Amino acid sequence: MKKIFGKPDALKDNPFHYCPGCGHSIIHRLVAEVIDELGIKDRTIGVPPAGCAVLAYNYFDVDMCEAPHGRAAAVATGMKRILKDRVVFTYQGDGYIAAIGTAETIHAANRGERITAIFVNNAVYGMTGGQMAPTTLLGQETTTSPGGRLPLRDGFPLDLSEMLALAAGSVYIERTSVSNPKGIIRTKKAIRKAFEVQLEDKGFSLVEILSACPTNWKMSPKDAVRWVDETMTKIFPLKVIKDVA
Amino acid sequence: MSEKTLMRGTHVLGEAAIRAGCRAYFGYPITPQNELPEYMASAFARMDDAVFIQAESEIASINMVIGAAAAGARVMTSSSSPGISLKQEGISYLAAMELPAVIVNMMRGGPGLGNIAPAQGDYFQATRGGGHGDYRVIVFAPAYGQEIADMTRQAFDLADYYRIPVMILGDGMMGQMMEPVVFPEPIDPAKLPEKEWVVNGSKGRSSRIILSLWLDPPKEEELNWRLARKYSAITEVIPDQEMYLTDDAELVLVAYGTAARIAKGAVHRARESGMKVGLYRPKTLWPFPSKALAKLCDHVRHFMAFEMSTGQMVEDVRLAVEGRREVSFYGRPGGVVSTPEEVAAIVSSAYHGKAN
Amino acid sequence: MKGRILIDRERCKGCRLCITVCPKKQIEISPKLNTKGYYPANFLEEDIPDTGKIECTGCALCAITCPDVAIEVYREEKKTSKDDTD
């Protein structure tokens, strides 16, 4: 029997600290698989967030440089401008990219920075214990939206990807999910395309990935992925949002 | 050495940075330092190995500095008081991640929006750290165009050598004043020593991480003590000052930057009326040059700190003097610039023992 | 085509997502705890030596879905004349 699936080379052996059923570690594997397939492991630099995935540098076997919370797009900009022939990607959660990091992300896209943003949307602040995020759905209960998110108090779920598509410098933006095998396979294709847009020096690329957070949604992994498929995708439809590559 | 040229302070700083091998600048418009980003923009536009970005905010620009520094570039950012406040978190990260960078603050009247006139109200922020955690940054305080040129070169060299952010503290007046300057020879950044800690792709080595998260308290403590050892090593070597007519002085004015130039005028006037007055001018504000100041206590009976603020550096003077001599303060905050005569009058009454 | 999977009991956190996607229903939760205190997933056909009786086709849906890269997938190679020269 031939081995046809295993740990990608661009992932270290360290077991993940993520909760059972968390989408982060699926996405880590997909990014690592793409790095392997493109053969860019030794010229890729990652910028992890300060969130659940802050420990991403324990998992990606590539050079990593931490960014202050929210500022990955700016750190990656400074890095890529210096290392023009290297590959730079940011890995950011929804609070990170669409709340505190909104300005940096929009302007990185607007400048068409040759960086790839991996935007993990799980509709909560995970690491800090399940607070409301910019992408929390109306009516969704979190520790800071008691009784469910109310527009007048908490605002509406923010679709940053659509906003970024308006920035002329953005070239490829897609929203996928890792809540089922089909979605996971689709996500890998999108990540690969995003990296290729960077490699071909075309402009800013971003993949938004809907991802389950069983612990903070207080659901079983099975229910959590179903909630992504049945509820989240209604507000954040899965589609190619922009592709002018 | 290049030949002498007449240049305004902000341009001197920009030119000196480029000659020091700086090839990355990130900034944001704020008076009174706009001529520096403008200078860097036009200079870098004529160079093909240099990166200029006017960022969307001072916060974004300091974070671009983090990225460029982690990639190994000699990198600079500049701003003025309110903008420097916005950069404080980033500066704390630079210190924690031991990343070299040069940060220029052309101070202006504050707090809050303040105004665009020259002031020195950011002394504590610069020397005590406006960001979080135990960290320090080297702080240079030029007073003359030539010093801006020399200290900028030193700032980049020390930043790389100690892997620490270095701040150049000027003010609105200094940035605009035109003075003759001779620049040191330019450095070719390609010939700078290789930085074996950068993250630039793990080709031919194992992957590297630059971070400041240490969840395990003993590990964080270890980092803190490692930084502390670095800072004490710096304190042994870097402190620098100008001592003007202090050998026979009974009263010594202590002032830096533009305030020191005004104080020197006051010293001359006091000397003309027979008073033995001198000036002690710190050139580094952190580490503060306290040793030489303390030694002056042998013969100086009164120290007067003169600042363009309500009094901040005066505390470092007191720390250096440790109660052995009287330390008083005179200053004008808010962008008001005293005249030498005004200061001389204050000195005179203090000198003759009358409380001012 | 026949296949086989290898589940790393210690990496598995018992999230059960592999169980939900396995088309042949050949994965279940093991009654034995792993060292982290999870009941990990268990491949039912692990001990069947005769590949003829195996249901698993090596489709890898389980491994694709697994959040912890805890599953390795093996697949029988197609019997083609070229095989002998491998």
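Quick note on labels: first sequence line is chain A, next is B, and so on, each numbered from 1. Atoms considered below: every heavy atom in the structure, side chains included; atoms not considered: hydrogens, waters and symmetry mates. Source: prediction; values computed, not measured.
Considering every non-hydrogen atom in both A:Pro20 and A:Pro214, the closest pair reads O-CG, 3.5 Å.
Contacts of A:Ile40 with chain B are absent, with no heavy-atom separation under 4.5 Å from either backbone or side chain. For B:Leu213, the parts lying under 4.5 angstrom from a heavy atom of chain A are both the backbone and the side chain. B:Val198 touches chain A through its backbone: at least one of N, CA, C or O sits under 4.5 Å from a heavy atom, while the side chain does not.
For A:Lys193 and A:Tyr172, the positive end sits near the middle of the six-membered ring, less than 6.0 Å away and at most 45° from its axis.
With sequence neighbours excluded, the residues that form a side chain to side chain contact (heavy atoms under 4.5 Å, CB included) with B:Ala159 are B:Pro100, B:Val166. Considering only residues two or more places apart in sequence or on other chains, B:Ala41 meets the side chain to side chain contact (heavy atoms under 4.5 Å, CB included) condition with B:Phe52.
Looking only at side-chain heavy atoms (C-beta outward), A:Pro68 and B:Ile66 come within less than 4.5 Å of each other. With contacts defined as side-chain heavy-atom distances shorter than 4.5 Å, the pair A:Ser161/A:Leu206 qualifies. A 4.5 Å side-chain heavy-atom check between A:Ile115 and A:Phe89 finds every atom pair outside the cut-off.
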**Asked** Could you walk me through whether B:Ile103 and B:Ile62 pass the side-chain contact (heavy atoms from CB on, under 4.5 Å) check?
**Response** CA-CA 9 Å; B:Ile103 299 131; B:Ile62 193 72; 4.3 Å; yes
**Message:** Applying side-chain contact (heavy atoms from CB on, under 4.5 Å) to A:Val62 and A:Val87, what does each step give before you reach the verdict?
**Reply:** CA-CA 11 Å; A:Val62 294; A:Val87 179; over 6 Å; no
**Asked** Does the side-chain contact (heavy atoms from CB on, under 4.5 Å) test come out yes or no for B:Leu169 and B:Phe140, once each step is laid out?
**Response** CA-CA 6 Å; B:Leu169 209 55; B:Phe140 281 110; over 6 Å; no
**Request:** Any chance you could lay out the side-chain contact (heavy atoms from CB on, under 4.5 Å) test for A:Ile26 and A:Arg29, step after step, and finish with the verdict?
**Result:** CA-CA 5 Å; A:Ile26 300 172; A:Arg29 191 194 78 234; 4.3 Å; yes
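Within residues 117-127 of chain A, no residue has any heavy atom under 4.5 Å from a heavy atom of chain B.
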Atom pairs, donor to acceptor, chain A/chain B, distance under 3.5 Å:
from     : atom 1 : to       : atom 2 : distance (Å)
A:Asp42  : O      : B:Ser202 : N      : 3.1
A:Asp42  : O      : B:Lys203 : N      : 3.2
A:Asp61  : OD1    : B:Ser207 : OG     : 2.7
A:Asp63  : OD1    : B:Arg205 : NH1    : 3.0
A:Asp63  : OD1    : B:Arg208 : N      : 2.6
A:Asp63  : OD2    : B:Asn200 : N      : 3.1
A:Asp63  : OD2    : B:Gly201 : N      : 3.0
A:Asp63  : OD2    : B:Arg205 : NH1    : 3.2
A:Asp63  : OD2    : B:Arg205 : NH2    : 2.4
A:Met64  : N      : B:Arg208 : O      : 2.9
A:Met64  : O      : B:Ile210 : N      : 2.9
A:Glu66  : N      : B:Ile210 : O      : 2.9
A:Glu66  : OE1    : B:Ser212 : N      : 2.9
A:Glu66  : OE1    : B:Ser212 : OG     : 3.3
A:Glu66  : OE1    : B:Leu213 : N      : 3.4
A:Arg86  : NH1    : B:Asn200 : O      : 2.7
A:Arg111 : NH1    : B:Glu56  : OE1    : 2.9

